[in-house]
Amino acid sequence: MYQLKITLRDSKPPIWRRVLVPEQITLSKLHQVIQLAFGWNDEHLYMFEKGSRNYPHNNYQTWGEDLEEEGKKDATTTPLWATLQNDGERLIYTYDFGDWWDAIVLLEKQTRETSSLPIECLRGKGTTPAENSGGLHGYNNLLLQARNSHNPDQADIHNFLMLDIDKRIYDLGKINERFHALN
């Protein structure tokens, strides 16, 4: 089993989830785990990246389900253990190529427990930003607009920000209930 810490990049305060997953889980199923852990609706494309594309001799790789891009590997057949093998290694998970939500997937440790244990959220922190809100910058801007009592759109923005809040707020029990469908 792999213990992963998944943190939304540049979130302040940090928004993260610590999950326990089998090392043989495919990247496409890890995508589902992340969607359920953060309370998003899986409405957009995603990819996983390892390495840096800016260094010519680096072993940069990408995985996703949309294989039209040259060089992208299939997330539906790639097991997690093929991408992360040592504690401290990480992947970048990008969701929604318009809003560009980035999360760092860190392999904190490999446990000795059997891989037949259920997927589980161990801890977490923070409410996930609303999907389709323009990424972290757009979401923070919407929060400012929602606080402005002189903004004529304040009520509409507030209603948008509250959509799916029951799924996006960190609630360990509810996240693990959603994981039950994956196990």
Side-chain angles (χ1 to χ4, degrees), residues 1-40 42 44-65 67 69 71-97 100-129 135-136 168-183:
M1 297 292 284
Y2 276 11
Q3 180 177 302
L4 305 173
K5 184 174 183 184
I6 306 162
T7 306
L8 290 183
R9 188 185 283 192
D10 299 327
S11 59
K12 291 182 177 135
I15 300 167
W16 58 272
R17 305 292 184 259
R18 180 170 287 127
V19 298
L20 194 61
V21 298
E23 66 276 1
Q24 75 270 12
I25 191 173
T26 63
L27 292 179
S28 62
K29 193 160 183 180
L30 179 59
H31 158 73
Q32 293 174 345
V33 167
I34 295 169
Q35 290 291 301
L36 294 172
F38 285 94
W40 281 329
D42 196 9
H44 305 282
L45 296 173
Y46 69 92
M47 72 177 171
F48 289 91
E49 297 174 277
K50 186 169 185 182
S52 176
R53 62 183 105 167
N54 298 328
Y55 295 98
H57 300 295
N58 194 336
N59 188 16
Y60 172 74
Q61 298 180 353
T62 61
W63 296 267
E65 288 184 346
L67 298 176
E69 287 185 43
K72 190 182 284 187
K73 297 182 173 144
D74 190 353
T76 63
T77 60
T78 304
L80 181 58
W81 64 262
T83 64
L84 297 176
Q85 297 171 351
N86 299 303
D87 295 359
E89 288 186 338
R90 62 188 192 165
L91 295 170
I92 302 299
Y93 168 77
T94 302
Y95 172 64
D96 185 351
F97 301 142
W100 211 264
W101 298 103
D102 272 346
I104 298 167
V105 180
L106 172 69
L107 174 55
E108 288 188 313
K109 67 180 179 178
Q110 301 173 53
T111 68
R112 297 193 185 275
E113 286 111 0
T114 176
S115 294
S116 63
L117 290 176
I119 295 168
E120 179 181 13
C121 185
L122 304 173
R123 278 193 78 201
K125 185 175 180 184
T127 298
T128 306
L136 209 48
R168 294 185 293 108
I169 198 163
Y170 172 69
D171 183 321
L172 184 63
K174 287 183 180 178
I175 292 170
N176 283 320
E177 283 177 20
R178 291 193 298 261
F179 282 170
H180 183 69
L182 293 177
N183 292 317

Looking at Leu36, is its backbone amide N or carbonyl O close enough to the side chain of Arg178 to form a donor-acceptor pair, meaning the two atoms are under 3.5 Å apart? yes
Roughly how far apart are His31 NE2 and Leu45 CG, rounded to 0.5 Å? 9.0 Å
Glu49 CD to Tyr93 OH distance, which is reported to the nearest 0.5 Å: 12.5 Å
Distance, nearest 0.5 Å, that separates CD of Gln32 from NZ of Lys29: 7.0 Å
Closest non-hydrogen atom pair, Ala103 against Ile6: CB-CG2, 3.9 Å
Give a yes or no answer on whether the side chain of Arg168 reaches the backbone of Thr128 with a donor-acceptor pair at less than 3.5 Å. yes
Rounded to the nearest 0.5 Å, how far apart are CD1 of Ile119 and CD1 of Ile25? 4.0 Å
Quick one: OG1 on Thr111 to CD on Glu23, what's the gap to the nearest 0.5 Å? 8.0 Å
A side-chain contact here means heavy atoms from C-beta on lying under 4.5 Å apart; do Asn176 and Pro118 qualify? no
Nearest heavy-atom pair of Thr26 and Ala75: which atoms, and what distance? CB-O, 3.7 Å
Are Tyr46 and Ser28 close enough that some pair of their side-chain heavy atoms sits under 4.5 Å apart? yes
Quick one: salt bridge (Lys or Arg N to Asp or Glu O under 4.0 Å) pairs with a partner in residues 84-94, sequence neighbours left out? Lys50-Glu89
Is the shortest side-chain heavy-atom distance between Val33 and Leu4 below 4.5 Å? no
Minimum side-chain heavy-atom gap Pro22-Gln24 below 4.5 Å: yes
With rounding to the nearest 0.5 angstrom, report the CG to CG distance, Leu30 to Leu80. 6.0 Å
Just so I know, are the side chains of Trp40 and Trp101 near enough to count as touching, which here means a heavy-atom distance under 4.5 Å? yes
Flag the pair Ile34 / Phe48 as yes when at least one side-chain heavy-atom distance between them is below 4.5 Å, and no otherwise. yes
Minimal heavy-atom distance between Arg17 and Lys125, with the atoms involved, is NH1-O, 2.9 Å
Should Phe179 and Cys121 count as side-chain neighbours, where that means a heavy-atom distance under 4.5 Å? yes
I want to check something: taking the side chain as every heavy atom from C-beta on, are Leu91 and Trp63 in contact at a cut-off of under 4.5 Å? yes
Considering all heavy atoms, the nearest Ile104-Ile92 contact: CG1-CD1, 3.9 Å
Is the ring pair Trp100/Phe97 parallel, tilted or perpendicular, if the boundaries are 30 and 60 degrees? tilted
